[in-house]
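Below: one structure, written as structure tokens.
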Amino acid sequence: PEAIKYWKIAAEGGNASAALNLGKYYMGSGSVVADYNEAIRWFVKAANQGDDESCYQIGLINVEKFRHFEHGAEWFQRGSKSGHVESLLMLGKLCEKGLIGSGVEKDKAALYYRVAFSKATDGDVKERAQQHLVCMGYPLRPVKVKPTRVPVEVPPDQGNTGADTEKSGHVMTEKSKDNDGAQDHISSHAVESFVDIEQLAADIEGDI
């Protein structure tokens, strides 16, 4: 589409919305074949401009397409730092299913669901958060959420070599492997001070 050319120009100039649009475009739809490496590349540009939806999308690619749960959780945590409720719900699901951390952690999952419920302005999100709590056997105890912190600006991805891939948890696809170790990836080193559960607990008031 003609819009792609203009999105790329705007995204290279630092426009987060354009970069987000490009990322979604390369996720594939209709006649467009998905290119997840290219999608990640544009989502990272948007994320480095403070776009929490892009953090969420990167997390989804890692979790749903590559089964990299821990790395996906890091991006969900980054999105949740600025109050992205879908990221909070995904963190709850990962904890509830024992896909991250040391195993099934229902108390931690319940905390994520309760914070998502409290931050959500959309009725559907509130309903989904409540359903998760009910299914786990946890009562819904809405909590007051303090104003969201301003996201910390993250420096651009500096890249890494193929040797760093396994250690850092970067995405490695078949396309990447075919290019003699060259890869489109995201760097966990580019993400500062992820939100952890203790910080989330400190951000809410009431009986958790």
Side-chain angles (χ1 to χ4, degrees), residues 11 16 19-29 32-105 108-109 112-113 116 128 132 151-152 154-179 181-197 200:
L20 174 63
N21 288 338
L22 283 166
K24 289 182 175 180
Y25 173 80
Y26 286 109
M27 289 286 284
S29 63
V32 179
V33 178
D35 183 342
Y36 298 116
N37 283 321
E38 189 68 6
I40 285 174
R41 186 167 80 87
W42 293 108
F43 283 140
V44 167
K45 284 184 177 293
N48 285 337
Q49 296 294 323
D51 186 81
D52 53 13
E53 173 67 16
S54 293
C55 296
Y56 171 71
Q57 294 294 338
I58 296 169
L60 281 183
I61 293 174
N62 274 276
V63 168
E64 296 183 352
K65 304 301 179 183
F66 301 113
R67 313 298 286 175
H68 293 172
F69 301 116
E70 293 288 352
H71 198 49
E74 289 180 342
W75 283 97
F76 291 139
Q77 287 175 332
R78 180 172 165 184
S80 72
K81 186 173 183 180
S82 54
H84 193 272
V85 292
E86 294 291 350
S87 293
L88 287 163
L89 288 177
M90 283 300 300
L91 286 167
K93 291 178 184 179
L94 292 173
C95 291
E96 181 182 354
K97 295 179 180 179
L99 297 175
I100 57 175
S102 57
V104 175
E105 296 180 275
K108 186 179 289 188
Y112 281 122
Y113 292 144
R128 283 187 285 139
H132 281 296
V152 177
V154 180
D157 186 4
Q158 299 301 313
N160 74 309
T161 64
D164 297 330
T165 302
E166 182 176 351
K167 181 169 61 176
S168 63
H170 296 148
V171 172
M172 172 68 83
T173 67
E174 291 301 319
K175 174 183 174 183
S176 303
K177 295 173 184 175
D178 291 341
N179 289 331
Q183 53 184 304
D184 296 314
H185 63 273
I186 47 180
S187 172
S188 57
H189 301 295
V191 186
E192 296 180 351
S193 59
F194 293 126
V195 169
D196 57 27
I197 200 66
L200 276 177

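Considering every non-hydrogen atom in both Leu88 and Ser80, the closest pair reads CD2-CB, 3.6 Å. Residues Gly23 and Trp42 approach most closely at N-CB, 3.7 Å, considering heavy atoms. Across Ala16 and Ala46, no two heavy atoms sit closer than the pair O-CB, 3.5 Å. When all heavy atoms of Ala116 and Leu89 are compared, the closest pair comes out as CB-CD2, 3.9 Å.
For the atom pair Gln77 CD and Cys55 SG, the distance stands at 11.5 Å (nearest 0.5 Å). Atoms OG and CZ, on Ser54 and Arg78 in that order, are 9.0 Å from each other to the nearest 0.5 Å. For the atom pair CZ of Phe69 and CD of Glu74, the computed distance is 14.5 Å after rounding to the nearest 0.5 Å.
Here salt bridge (Lys or Arg N to Asp or Glu O under 4.0 Å) pairs that include residues 45-70, with residues two or more places apart or in two chains, are Glu12-Lys45. Pairs engaging residues 86-96 under the salt bridge (Lys or Arg N to Asp or Glu O under 4.0 Å) rule: Glu86-Arg128 [sequence neighbours left out].
For Glu105, the side chain to side chain contact (heavy atoms under 4.5 Å, CB included) partners are Ser102, Lys108, not counting sequence neighbours. Residues forming a side chain to side chain donor-acceptor pair (under 3.5 Å) with Tyr25 (at least two apart in sequence, or on another chain): none. Residues that satisfy the ring-ring contact (aromatic ring centres under 6.0 Å, His included) test with Phe76, not counting sequence neighbours, are Tyr56. Partners of Ala73 under the side chain to side chain contact (heavy atoms under 4.5 Å, CB included) rule, at least two apart in sequence or in another chain, are Leu91, Leu94, Ile100.
His84 places a side-chain N or O within donor-acceptor distance of the main-chain N or O of Ser87, the cut-off being under 3.5 Å.
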_One pair to check against side-chain contact (heavy atoms from CB on, under 4.5 Å): Phe43 and Leu20. What are the steps and the verdict?_
CA-CA 6 Å; Phe43 283 140; Leu20 174 63; 3.6 Å; yes
*Could you go step by step and tell me if Tyr26 and Tyr36 meet the side-chain contact (heavy atoms from CB on, under 4.5 Å) rule?*
CA-CA 7 Å; Tyr26 286 109; Tyr36 298 116; over 6 Å; no
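A side-chain contact (heavy atoms from CB on, under 4.5 Å) with Trp75 holds for exactly one of Ile58, Leu60, Ile61; it is Ile58.
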